[in-house]
Protein chains: 2
Amino acid sequence: MTMSTTSPKRAVFEEFAKTAKCLGHAGRIEIIELLAQGERSVEAVAERTGMTVATTSQHLQTLKRAGLVSARRDGKFILYSVSGDEVIALISALRVVTEQHAAEMDRIVRGYFDKRDGMEPVSREDLLERARAGLVTVLDVRPADEYAAGHIPGATNIPLSELEQRLGDLTKDREIIAYCRGPYCVYAFEAVAALRQAGFSARRLKGGLPQWRTAGLEISRDLT
Amino acid sequence: MTMSTTSPKRAVFEEFAKTAKCLGHAGRIEIIELLAQGERSVEAVAERTGMTVATTSQHLQTLKRAGLVSARRDGKFILYSVSGDEVIALISALRVVTEQHAAEMDRIVRGYFDKRDGMEPVSREDLLERARAGLVTVLDVRPADEYAAGHIPGATNIPLSELEQRLGDLTKDREIIAYCRGPYCVYAFEAVAALRQAGFSARRLKGGLPQWRTAGLEISRDLT
DNA sequence: CAGACATTCAATAGTTATGTTGAATGTAAT
DNA sequence: ATTACATTCAACATAACTATTGAATGTCTG
């Protein structure tokens, strides 16, 4: 029953492996997470990640070959972006598995950040209780239009793309709880990482707005 | 703003990359898909994949180190199994991205199998119509207990683990449409691949039983 | 305890990935 | 055209991964 090395089945697995191999490099994952926030030029990516332009370009081409990112030309620049939501779902799944299973993860995160709060998300019940008591800032990091279409009551909206510039809008007095679209969305993860690096105490809501809605909890809406 | 090479952010990405690197090898992906069907000994995996026992053992240890598979001792044997459903979701996400984006994929699959039908799933509507006309065999490849708890009317149940031995139960006269738990379940993919290799005409249902249920379609149940 | 067997370890050679260099495209302005 | 600039290419040294071999470990059976 065992086929030769070039059995069709093996060839298919080989393709899967090629995709995975692309993600087997910290720099490339960082690039994808960056591009998940919006399209960027090679130089912009290089600057943000600290890699040289040539190296960045090569990584971007590797990602493009695997179909994970797409490129378009705009004048002198070539703008890269992630190819689709499935790619975001993929690295989210990667994140979930890594966080669940790699015990080292916890040690690294806890070593650098606050001892008490790791990457564990906050439950909806906890959020409601503490928000009512005024103990936390609820932060919606989705784009403004999605926020307008419906958000958790009392939540502040700062899209992830503007977070860095608007850190001054936030207070360090209360813990910040960030949320985005759902368990397969990276925005909240990114926001928490950025906020902690900036000295804030931050965690993310378990799930996202769709799950909040499903749980039958209240939603605010901006009238147009 | 650019931190040194050992910034906490980079360290986190490094962990993600470690997990992904594990999947960057066709043999290891094949192992995971095998173990997704049930726990197996090193030798059993080696035999099925055609790798030597030593090589298989090393791959299994790599997977274990990354938390993707777990091991337990049973007498002389060490039985490996996937660590959890998140792992299955991860490789399913990998599969989705690869199938969507890697153009090569199609060429490989179409080259080996029937020209007309690739990997595109069959819609619920198509399935219903053609099943009523007696044009297709609907195949439920989930474990027997899940089948008993609810299945598509008229579906035949052959759990994936028994499929190879029970190929004789199926007819080559009609196309076979396989389904399992849902878009994040690998069973149907596996079944279609196996059936095609055995000379059957086979495709998979888009989604799975939960989606069927959600769409408000009829479900049969075995009485206990 | 001795033998059989499943699995793992250690060392090695061949292969592949990575990041750096400096040069080569290709596009937009002068 | 010529210049400036963003990106890519090509080639190399270094590092990491892979499969093989034969030996070592640990568990059951008689």
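Only heavy atoms go into these numbers, but all of them, side chains included; no hydrogens, no water, no symmetry mates.
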Give a yes/no on whether any side-chain N or O of [X] is located under 4.0 angstrom from OP1 or OP2 of [N].
{"X": "A:Ser41", "N": "D:dA6", "result": "no"}
{"X": "A:His59", "N": "C:dA17", "result": "no"}
{"X": "A:Tyr80", "N": "D:dT8", "result": "yes"}

message = Between B:Ser70 and B:Ser81, is there a side-chain donor-acceptor contact under 3.5 Å, judged purely by atom types and distance?
response =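 B:Ser70 and B:Ser81 do not have a side-chain donor-acceptor pair below 3.5 Å.
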message = Could you tell me if A:Thr19 and A:Glu15 have a donor-acceptor pair between their side chains, going purely by distance under 3.5 Å?
response =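 Judged by distance alone, the side chains do not pair up.
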Give a yes or no answer on whether the side chain of [X] reaches the backbone of [Y] with a donor-acceptor pair at less than 3.5 Å.
{"X": "B:Thr55", "Y": "B:Met51", "value": "no"}
{"X": "B:Arg72", "Y": "B:Leu79", "value": "no"}
{"X": "B:Asn157", "Y": "B:Val141", "value": "no"}
{"X": "A:Thr62", "Y": "A:Gln58", "value": "yes"}

Write down the distance between [atom1] ([X]) and [atom2] ([N]), rounded to a whole number of angstrom.
{"X": "B:Leu63", "N": "D:dC17", "atom1": "CG", "atom2": "C1'", "answer": "14 Å"}
{"X": "A:Leu60", "N": "C:dG19", "atom1": "CG", "atom2": "P", "answer": "13 Å"}
{"X": "B:His25", "N": "C:dA17", "atom1": "NE2", "atom2": "P", "answer": "11 Å"}
{"X": "B:Glu43", "N": "D:dG26", "atom1": "CD", "atom2": "P", "answer": "20 Å"}
{"X": "B:Arg28", "N": "D:dC17", "atom1": "CZ", "atom2": "C1'", "answer": "8 Å"}
{"X": "B:Leu79", "N": "C:dT8", "atom1": "CG", "atom2": "P", "answer": "11 Å"}
{"X": "A:Glu47", "N": "D:dC5", "atom1": "CD", "atom2": "C1'", "answer": "15 Å"}
{"X": "B:Phe77", "N": "C:dT8", "atom1": "CZ", "atom2": "P", "answer": "13 Å"}

query = Can we say B:Glu14 and A:Arg28 salt-bridge, meaning some charged N sits less than 4.0 Å from an Asp/Glu carboxylate O?
reply =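 A salt bridge is absent here (no side-chain N lies under 4.0 Å from a carboxylate O).
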Nearest-neighbour nucleotide for the B:Gln61 side chain, D:dT8, C:dT7, C:dC9 considered =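 Nearest nucleotide to the side chain: C:dC9.
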remark   = For nucleotides 20-30 of chain C, 5' to 3', base contacts (B), sugar-phosphate-only contacts (S) and non-contacts (-) with protein non-hydrogen atoms under 4.0 Å give BB-----SS--
